[in-house]
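Note sheet for the following structure.
Reckoned from all heavy atoms, side chains included, excluding hydrogens, waters and symmetry mates.
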Amino acid sequence: MTTTEKKEMEVVKGLDVARYMGRWYEIASFPSLFQPKNGVDTRATYTLNPDGTIHVLNETWSNGKRGYIEGSAYKADPKSDEAKLKVKFYVPPFLPIFPVTGDYWVLYIDPDYQHALVGQPSRSYLWILSRTAHMEEETYKQLVVKAVEQGYDVSKLHKTTQNDTPPESDSAPTDAKGVWWFKSLLGK
């Protein structure tokens with residue numbers, strides 16, 4: 001059996017960062033060490049900082065408690081028009097001393113900035129994001145096809161449970177101790 005060299009991923013060019021800001025709901029993703037396996041209503045909220053960087057707030061609910069981590073994102077190459085960002089988080093969340101930096105590449109965004117496909121060069125992570133908590137099945141399938149075209153093994157995709165009424169950030173007790181982070185490392 002021969003293996004073929006995967007082509008380099010194509011990323012969005014000329015991303016309008018201001019339009020990309022706001023809340024995005026995770027419709028599906030590759031399971032990550034940094035998220036609890038039973039997390040629901042997972043979402044990300046992006047806010048433009050005065051210095052041009054992006055404030056990142058990732059939230060998920062697990063067993064009725066809100067787990068979250070905050071970080072920042074910035075263009076990997078300020079001179080490039082490619083949507084290749086770096087995201088930096090400090091872990092663990094309750095004692096933020098270890099910086100963890102990852103790639104965040106916008107692989108596709110629809111013209112109305114309502115749906116996005118986000119990945120990174122190793123193809124170990126993939127997210128299907130939407131401005132709404134639910135996505136039409138046809139739109140979802142189109143994004144999965146785009147992921148396959150980018151060389152992703154979409155059999156690893158896991159749909160994220162999103163409730164019809166997404167919770168408010170302050171409507172649940174917060175897991176300020178970062179227990180969810182430890183549990184996620186242990187595969188719970």
Side-chain angles (χ1 to χ4, degrees), residues 20-47 54-73 85 87-96 100 102-110 112-120 123-147 152-188:
Y20 196 76
M21 295 301 96
R23 179 166 288 167
W24 290 92
Y25 294 89
E26 180 185 280
I27 302 301
S29 68
F30 283 5
S32 158
L33 277 179
F34 296 104
Q35 285 180 245
K37 288 194 175 6
N38 64 344
V40 299
D41 295 318
T42 304
R43 64 194 186 199
T45 305
Y46 306 124
T47 311
I54 299 163
H55 175 263
V56 178
L57 170 64
N58 288 346
E59 300 172 284
T60 193
W61 274 257
S62 176
N63 301 321
K65 289 191 175 180
R66 172 181 171 257
Y68 71 96
I69 191 167
E70 295 182 77
S72 61
L85 304 176
V87 182
K88 183 192 294 181
F89 294 102
Y90 287 88
V91 294
F94 54 89
L95 187 65
V100 175
D103 292 296
Y104 181 106
W105 289 11
V106 182
L107 306 176
Y108 171 80
I109 185 135
D110 72 294
D112 295 326
Y113 281 59
Q114 296 300 301
H115 309 108
L117 183 69
V118 176
Q120 43 80 269
R123 295 178 175 86
S124 300
Y125 297 96
L126 181 68
W127 294 272
I128 292 177
L129 304 176
S130 175
R131 292 292 192 181
T132 58
H134 301 286
M135 178 183 283
E136 290 180 15
E137 192 60 26
E138 189 56 37
T139 303
Y140 177 77
K141 286 178 182 171
Q142 290 169 1
L143 291 169
V144 170
V145 167
K146 291 183 183 304
Y152 275 93
D153 174 5
V154 294
S155 69
K156 297 180 195 168
L157 263 178
H158 171 76
K159 280 196 174 181
T160 305
T161 300
Q162 293 283 354
N163 288 301
D164 290 334
T165 307
E168 292 303 318
S169 295
D170 57 1
S171 68
T174 295
D175 175 11
K177 296 186 178 72
V179 173
W180 65 273
W181 188 80
F182 278 116
K183 284 183 177 175
S184 67
L185 289 181
L186 299 170
K188 302 283 188 225

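- A 4.5 Å side-chain heavy-atom check between T161 and N38 finds every atom pair outside the cut-off.
- Looking at L57 and T47, their side chains never come closer than 4.5 Å, going by heavy atoms from C-beta outward.
- With sequence neighbours excluded, no residue forms a side-chain hydrogen bond (donor to acceptor under 3.5 Å, both in side chains) with H158.
- Of the inter-residue distances, the one linking L143 atom CG with E138 atom CD reads 10.5 Å to the nearest 0.5 angstrom.
- The minimum heavy-atom distance linking I27 with A133 is given by the pair CD1-O, 3.6 Å.
- By the neighbour-count criterion of 12 heavy atoms within 6.0 Å, atom CD of Q142 is densely surrounded, having more than that number from other residues, nucleotides or ligands.
- No donor-acceptor distance shorter than 3.5 angstrom exists from the side chain of Y125 to the backbone of S29, with no hydrogens or angles considered.
- Residues passing the side chain to side chain contact (heavy atoms under 4.5 Å, CB included) test with Q114 are D110, D112, R131, sequence neighbours excluded.
- For the atom pair Q162 CD and H134 NE2, the distance stands at 7.0 Å (nearest 0.5 Å).
- Contact annotation: the side chain of V56 approaches that of Y46 to within less than 4.5 Å [non-hydrogen atoms, C-beta and beyond].
- Considering every non-hydrogen atom in both Y20 and Y104, the closest pair reads OH-OH, 2.7 Å.
- Between E59 and R23 there is a side-chain heavy-atom pair separated by less than 4.5 Å.
- To the nearest 0.5 Å, atoms CG (D153) and CG (L126) are separated by 10.5 Å.
- The distance from atom OG1 of T45 to atom OH of Y25, rounded to the nearest 0.5 Å, is 7.5 Å.
- With sequence neighbours left out, K159 forms a side chain to side chain contact (heavy atoms under 4.5 Å, CB included) with A28, E137, Y140.
- Taken from CG in L107 to CD in Q120, the straight-line distance is 9.5 Å, to the nearest 0.5 Å.
- Considering all non-hydrogen atoms of both residues, L157 and V144 come closest at CD1-CG2, 3.9 Å.
- With D41 contributing its side chain and N163 its backbone, the two residues share a donor-acceptor pair below 3.5 Å.
- Taken from CH2 in W127 to OG1 in T160, the straight-line distance is 11.5 Å, to the nearest 0.5 Å.
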Quiz prompt | Test log, rule side-chain contact (heavy atoms from CB on, under 4.5 Å), inputs Y152 and K146 | solution = CA-CA 9 Å; Y152 275 93; K146 291 183 183 304; over 6 Å; no
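- Residues Y68 and T60 are not in side-chain contact: their nearest non-hydrogen atoms beyond the backbone lie 4.5 Å or more apart.
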